[in-house]
Amino acid sequence: MNKQLEKMKQNQECERRKRIAEEKHKEWVQKKREEERRERKRKLSKEMVEKVTRELEKMQLQEKADIKYKEWLKKKRAEEAEKKKKEKEKEKEREAELLEKRTRSEKIFKEWLQNSRNKPQPALYGYGFPHGKSTGLY
């Protein structure tokens, strides 16, 4: 009877230990799952923060690129306007030179025309050649 009682006590103790072990195991598994869930949540939030940071940096880079492009475009347009202005000035100078050259040549032509009227006409049959040509051998 004592042996049976002791055996029962041992069985109960063994079962109690098993239950305690199972409960501790369940608690450990639950804690582990909770910890993993928190870790995933933390990783996810960290990834989201990194993603937002990357997007923000990307936007800032894009804004910088847009600003630089606008500055470059403005500079390029100013250069083109300056180039066109210089070309127009050169064209005006060329036209002025051509006009001056034309007026000078017209003036010279008129002077020549005036002077040519006053010049004596050359002798028609000079130097003893009939009709202005030599007629043969000496």
Side-chain angles (χ1 to χ4, degrees):
M1 188 90 161
N2 264 346
K3 282 185 179 181
Q4 268 186 338
L5 203 64
E6 200 160 309
K7 212 173 191 181
M8 250 172 75
K9 278 186 179 179
Q10 282 179 353
N11 283 342
Q12 283 177 352
E13 185 68 27
C14 191
E15 283 180 31
R16 189 178 65 83
R17 284 184 185 170
K18 278 184 183 179
R19 269 187 285 134
I20 291 173
E22 282 179 13
E23 286 176 12
K24 284 186 178 181
H25 182 262
K26 283 181 183 179
E27 285 177 17
W28 179 82
V29 168
Q30 190 176 0
K31 281 183 182 178
K32 195 70 173 172
R33 286 181 183 161
E34 187 70 27
E35 193 177 302
E36 286 176 356
R37 189 178 59 80
R38 273 187 265 143
E39 186 67 26
R40 275 186 302 218
K41 205 173 187 180
R42 191 181 58 79
K43 274 187 178 179
L44 187 65
S45 66
K46 187 177 178 182
E47 287 175 5
M48 291 294 286
V49 167
E50 287 176 358
K51 186 177 179 181
V52 168
T53 307
R54 280 193 305 265
E55 286 179 10
L56 188 63
E57 287 175 359
K58 205 176 199 180
M59 284 173 53
Q60 287 175 346
L61 283 174
Q62 186 66 34
E63 286 176 11
K64 275 186 178 180
D66 287 342
I67 290 170
K68 283 189 177 184
Y69 172 74
K70 286 177 182 175
E71 287 176 0
W72 174 83
L73 191 63
K74 188 177 178 182
K75 184 179 175 184
K76 201 67 171 172
R77 286 182 178 163
E79 286 176 3
E80 286 178 10
E82 187 69 28
K83 190 176 178 181
K84 284 182 181 180
K85 188 177 176 183
K86 284 183 180 180
E87 286 178 7
K88 283 183 180 180
E89 287 177 6
K90 283 183 181 180
E91 187 65 30
K92 283 182 181 179
E93 287 177 11
R94 244 181 282 149
E95 287 177 7
E97 286 176 8
L98 282 173
L99 186 64
E100 185 181 326
K101 193 175 181 181
R102 193 174 290 137
T103 54
R104 193 172 53 229
S105 62
E106 284 177 3
K107 183 180 174 187
I108 292 172
F109 176 72
K110 286 179 183 176
E111 286 177 7
W112 174 82
L113 195 60
Q114 192 71 27
N115 290 338
S116 68
R117 289 182 187 159
N118 297 337
K119 279 187 183 177
Q121 295 292 324
L124 284 176
Y125 301 109
Y127 306 106
F129 298 110
H131 304 297
K133 299 178 185 175
S134 75
T135 54
L137 296 174
Y138 298 108

Using a 4.5 Å cut-off on heavy atoms from C-beta on, say whether the side chain of [Y] contacts that of [X].
| X | Y | value |
| --- | --- | --- |
| Glu79 | Lys83 | no |
| Lys51 | Glu47 | no |
| Glu50 | Lys46 | yes |
| Glu36 | Lys32 | yes |
| Arg77 | Lys74 | no |

Exercise for review: Could you walk me through whether Glu89 and Lys85 pass side-chain contact (heavy atoms from CB on, under 4.5 Å), step by step?
Suggested key: CA-CA 6 Å; Glu89 287 177 6; Lys85 188 177 176 183; 3.9 Å; yes
[X] side, atom [atom1]; [Y] side, atom [atom2] - distance, nearest 0.5 Å:
| X | Y | atom1 | atom2 | value |
| --- | --- | --- | --- | --- |
| Glu95 | Glu93 | CD | CD | 11.0 Å |
| Leu113 | Ile108 | CG | CD1 | 13.5 Å |
| Lys24 | Lys31 | NZ | NZ | 10.5 Å |
| Leu61 | Lys68 | CG | NZ | 10.0 Å |
| Glu80 | Glu87 | CD | CD | 10.5 Å |
| Thr103 | Lys110 | OG1 | NZ | 10.0 Å |

Exercise for review: Before accepting this row, confirm whether a basic side-chain N of the pair Lys26/Glu22 lies closer than 4.0 Å to the acidic partner's carboxylate O.
Suggested key: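 Result for this pair is no, no salt bridge flagged.
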**Study point:** Salt bridge flag under 4.0 Å for residues Glu13 and Arg16
**Key:**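 Arg16 and Glu13: salt-bridged.
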Review point. Above 12 or not: heavy atoms from other molecules or residues under 6.0 Å from CD of Glu39?
Key: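 Buried by this count: over 12 neighbours within 6.0 Å.
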Point to revise | Heavy atoms from other residues, nucleotides or ligands near CD of Gln4 exceed 12 (cutoff 6.0 Å) | key: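 Result for CD/Gln4: open.
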Point to revise | Lys3 and Lys7: CA distance, side-chain angles, deciding distance, side-chain contact (heavy atoms from CB on, under 4.5 Å) verdict | key: CA-CA 6 Å; Lys3 282 185 179 181; Lys7 212 173 191 181; over 6 Å; no
Practice item. Output all residues satisfying side chain to side chain contact (heavy atoms under 4.5 Å, CB included) with Glu111, sequence neighbours left out; order by chain, then residue number. Key: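 If we apply the side chain to side chain contact (heavy atoms under 4.5 Å, CB included) test to Glu111, skipping adjacent residues, the hits are Lys107.
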Practice item. Take Glu91 and Arg94, measure what side-chain contact (heavy atoms from CB on, under 4.5 Å) needs, and give me the verdict at the end. Key: CA-CA 5 Å; Glu91 187 65 30; Arg94 244 181 282 149; 3.1 Å; yes
